Number of protein chains: 2
Amino acid sequence: MIRCPKCQQVDAVTKAGIVRGKQRYFCKTCAAHFTLADTAPPAARSRHQVTIVDIARELGISKSTVSRALRGQSDIHPGTREAVMELAQQLDYQPNLLAYGLVKSQSNMVGMIVPEFRHYFFPEVIIGAQEVLQAAGYNLMICQSNESYQTEVANVKALMSSRVDGLLVSITSQTNNVEHFRALEKKGIPLVFFNRICPELDTHRVVVDDYAGAFRAVQHLIDQGYRRIAHIAGPPSLLVSRLRQQAYLDALEQAGIPFDPELLISYDLTDEKARIYARYLLDLPQPPEAIFAVNDPTAIQVILAAKARGICIPDELAVVGFSDDPISAIIEPGLTTVAQPVYEMGRTAARLFLETVGTQTAPTTRVLQTELIVRGSSSRKI
Amino acid sequence: MIRCPKCQQVDAVTKAGIVRGKQRYFCKTCAAHFTLADTAPPAARSRHQVTIVDIARELGISKSTVSRALRGQSDIHPGTREAVMELAQQLDYQPNLLAYGLVKSQSNMVGMIVPEFRHYFFPEVIIGAQEVLQAAGYNLMICQSNESYQTEVANVKALMSSRVDGLLVSITSQTNNVEHFRALEKKGIPLVFFNRICPELDTHRVVVDDYAGAFRAVQHLIDQGYRRIAHIAGPPSLLVSRLRQQAYLDALEQAGIPFDPELLISYDLTDEKARIYARYLLDLPQPPEAIFAVNDPTAIQVILAAKARGICIPDELAVVGFSDDPISAIIEPGLTTVAQPVYEMGRTAARLFLETVGTQTAPTTRVLQTELIVRGSSSRKI
DNA sequence: AACATTTCCGGGAATGTTCCCGGTAGTTTC
DNA sequence: GAAACTACCGGGAACATTCCCGGAAATGTT
């Protein structure tokens, strides 16, 4: 009773097993296998965004013409263009960037990987980058690596899968293998590091003059008469940490102040650890007279810890941070800090990408300037 | 001397104009046009990511098989699967999400539109959303509307073009036309509003108990003995503003405190305006004894302005905010505030999307709880 | 040995664009 | 009035996947 779809015969058909849950038949005359088509219709393609062919069909023209009209290119009659434009508007046509990206091998998306964005710094960078990217027609995909090397690698892979046109990255403090970035370079995908760069990779970079800024900060403490100066540094894996720490050491040496290893701590930049080390320093038998912190969040924890102990800032303890987090101006006393143009860093990184994309430019490094902002936390004589 | 590519004839060929910068010819015997092919080879497809066909070619199998192997689906020999997996690893194959999205009509991307992310609130929401989305295999595309209706519409369009699978949105204070969101609904794209919702749209929502929280805050001020209480509200276009403002009015009324219109200000949530209105209130002939601000950034501007004038908080002026921005705990005196689970709001919004996608669920509203945190800025008797 | 079933694989359509290139009709040019 | 040119348009490949479905060989079953 089963009829062969080819020869329309009935008697030469035998069963031939089950494939994917459906009975399969074999027609001996045709020597062909077949399964019975589902009787139910294919459920009328549900949600289907308006496409270029919809417009073409409606207008009775070809999709090529519609494509040309939409892109406002040449070889198109003003009349037809207008008709297309109007219908597109009317149908609320949105070009499918997936299809576009597929044929053009470009996605108009830029990936960004940051270690965190709880504090002021990274969100502000993102704002800067977003603004110039958005203006240039790019969208931003943001990932948090959470200071985890594993997550960073996963993020890179995910962004690669999305075929981002470029990457803006600040590495984690655990990144000591950079193969995942090398792979990007090999594939010719623009890569811009900012703030936390990869010294072993010869790519675009946006940094500030960390050494100079930090040096000025410590110098300022020395000028104010502080001698016993501690430094809470970031993890040595990060170049920024090393630079700021080296500046600290050099500034001390230049001033002829002997370096006391007890007063140098590096830590992982988590808030809890900041609190712990701040207390530790304050509770030292010979506590420091001043503390230079690797960044503002750290410095703020120091101020909080000091205040909790009733230590008077800046008379008994001076504090200096790095970045000029808005909190620094609000906390009391105001936190002296090395201001860096964070927003501008984001813009610069994005611009660097924009310049690179398409035209393979040589890796360039942009160094932005810092500025010491003196507030109450370090000015004994005010 | 021009040879027709079809009939190989030479003499029947005439010139036939120039198309796209190239000379065109016409062969009278074939009655066909043609142009001369570029002599230069097509420049060897430059950067070309590894694809499924590369793997197939290398292994001498079909792309279908590779696809099956990669997806770890059925109908695949363990041996071949392993071979495919290994080669994929070796070639650093990354599936092309663009192509995937094209055939599956889903992009694995979620769009998020926030009015700003300079302050604590929105970045924190993003963190929450990001975490659950990333875990579920989605990427986040973040847009800033900058409180501009135009930008918001543009953002929606851009995200639609990228064929995001869903949208997480906090509207701008200028959004009074919601057609762009209606269009989304019509297309069946999951839409979740958080914090700043659209009352006229029947979609998923995540909010906090704004009214209750605000009421408790004002009640607290009244309990502390303050009578002349001002409110700096947000723009009336936002439901959150209206709710908090209404709670303010109701709390006063319930306490039998007559409402003084002079003490109610709504503004656009920009920092400058916050400063201006804070000063304005403080400089009133009859200044308020307490100020309830629509959010923490506003409240902080009030505290700053008061401190600049030497007004003692909380003795001469009490201040209460909303959100529990980290600065609130740091500023002196500590800012009393209505804490809302910001991070949780992000997670909830993302989860709501996750639940919706695929299975069309009815619009649901999740209301998260707030909690009044009393700090120095309002506790006269401490 | 003949038939039935299972296992694994390949071909080809479909997704929504862009791009290349030839076709047609009308317009100049000599 | 033919030859050359211009202005527009359509067909079809390509992009990297997934999905459907039939084919071939191996394995089971009478």
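Residue numbering restarts at 1 for every chain, and letters A, B, ... go by the order of the sequence lines. Keep in mind that this is a model prediction, so the values were computed, not measured.
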Visitor: Can a donor-acceptor pair under 3.5 Å be found between the side-chain atoms of T35(B) and the base atoms of dG22(C)?
Guide: no
Visitor: Looking only at N and O atoms, is any donor in the side chain of R68(A) or the base of dG10(D) less than 3.5 Å from an acceptor on the other one?
Guide: yes
Visitor: Atom OH of Y25(B) to atom P of dG23(C): distance rounded to whole Å?
Guide: 16 Å
Visitor: Kindly point out which of dC8(C), dG11(C), dT18(D) is positioned nearest to the side chain of I52(B)?
Guide: dT18(D)
Visitor: Test your reading of the model: is there a side-chain donor-acceptor pair from S67(B) to the backbone of K63(B), 3.5 Å cut-off?
Guide: no
Visitor: CD1 of I55(A) versus P of dC9(D): gap in Å, rounded?
Guide: 15 Å
Visitor: Can any side-chain N or O of S170(A) pair as donor or acceptor with the backbone N or O of F194(A) at less than 3.5 Å?
Guide: yes
Visitor: Quick one: on DNA chain C, does R24(B) or L102(B) contact a more 5' nucleotide (nearest heavy atom)?
Guide: L102(B)
Visitor: Just to be sure I understand the rule, does L98(B) reach a base, reach only the sugar-phosphate, or reach nothing, if contact means heavy atoms closer than 4.0 Å?
Guide: nothing
Visitor: Whole angstrom is fine here: how far is it from CZ in F26(A) over to P in dG22(D)?
Guide: 13 Å
Visitor: Determine the sole option in L59(A), V53(A), I52(A) for which the side chain to side chain contact (heavy atoms under 4.5 Å, CB included) test with I55(A) is passed.
Guide: L59(A)
Visitor: Heavy atoms only, 4.0 Å cut-off, all strands: where does Q23(B) land among base, sugar-phosphate and nothing?
Guide: sugar-phosphate
Visitor: Judged by modelled atom types alone, do E152(A) and T175(A) share a side-chain donor-acceptor pair under 3.5 Å?
Guide: yes
Visitor: Expressed as a whole number of angstroms, how long is the span from Q49(A):CD to dG16(C):P?
Guide: 10 Å
Visitor: If you compare every side-chain N and O of T14(B) against the phosphate oxygens of dA4(D) (OP1, OP2), does one of them come in below 4.0 Å?
Guide: yes
Visitor: For M109(A) and R163(A): C-alpha separation, side-chain torsions, deciding distance, then whether side-chain contact (heavy atoms from CB on, under 4.5 Å) applies.
Guide: CA-CA 8 Å; M109(A) 290 191 295; R163(A) 295 293 189 268; over 6 Å; no
Visitor: Looking only at side-chain atoms of T65(A), point me to the closest of dT17(C), dC9(D), dT5(C).
Guide: dC9(D)
Visitor: Output the single nucleotide from dT6(D), dA13(C), dC8(C) whose closest atom is nearest the side chain of K63(B).
Guide: dA13(C)
Visitor: For the base of dG11(D), is there a side-chain donor-acceptor partner from S64(A) under 3.5 Å away?
Guide: yes
Visitor: Within this structure, what is the NE2-to-C1' distance between H77(A) and dT6(D), rounded to whole angstrom?
Guide: 14 Å
Visitor: When all nucleic acid strands are considered with a 4.0 Å heavy-atom cut-off, which category describes Y93(B): base, sugar-phosphate, or nothing?
Guide: sugar-phosphate
Visitor: Looking at S67(B), I'd like to know whether one of its side-chain N or O atoms comes within less than 4.0 Å of OP1 or OP2 on dT17(D).
Guide: no
Visitor: Relative to the 5' end of DNA chain D, which residue comes earlier, F34(A) or I76(A), by the nucleotide with the nearest heavy atom?
Guide: I76(A)
Visitor: State which of dG22(C), dA4(C), dG22(D) makes the closest approach to the side chain of H33(B).
Guide: dG22(C)
Visitor: Could you check A32(A) against K104(B) and say which one's nearest nucleotide on DNA chain D is further toward the 5' end?
Guide: K104(B)
Visitor: For the residue pair S64(B) / R68(B), report whether a side-chain donor-acceptor contact shorter than 3.5 Å exists.
Guide: no
Visitor: Check this for me: does the side-chain of N96(B) come within 3.5 Å of the base of dC15(D) through a donor and an acceptor?
Guide: no
Visitor: Counting heavy atoms from C-beta on, name the nucleotide in dT17(C), dT18(C), dT18(D) closest to the side chain of R71(A).
Guide: dT18(C)
Visitor: From C-beta outward on V103(A), which listed nucleotide comes closest to its side chain: dC15(D), dC9(D), dT6(D)?
Guide: dC15(D)
Visitor: Less than 4.0 angstrom between a side-chain N/O of K22(A) and OP1 or OP2 of dC20(D), yes or no?
Guide: no
Visitor: Tell me whether K186(A) is salt-bridged to D92(B), with the criterion being a basic N under 4.0 Å from an acidic carboxylate O.
Guide: no
Visitor: Select from T51(A) and R20(B) the residue whose nearest nucleotide in DNA chain C is closer to the 5' end of that strand.
Guide: T51(A)
Visitor: In whole angstrom, what separates I18(A)'s CD1 from dT7(C)'s P?
Guide: 11 Å
Visitor: Using whole Å, report how far NZ of K15(A) lies from C1' of dT6(C).
Guide: 16 Å
Visitor: Whole angstrom is fine here: how far is it from CG in L97(B) over to C1' in dC15(D)?
Guide: 15 Å
Visitor: Where the side chain of P78(B) is defined as all heavy atoms beyond and including C-beta, which of dT17(C), dC8(C), dC9(C) is the nearest nucleotide?
Guide: dC8(C)
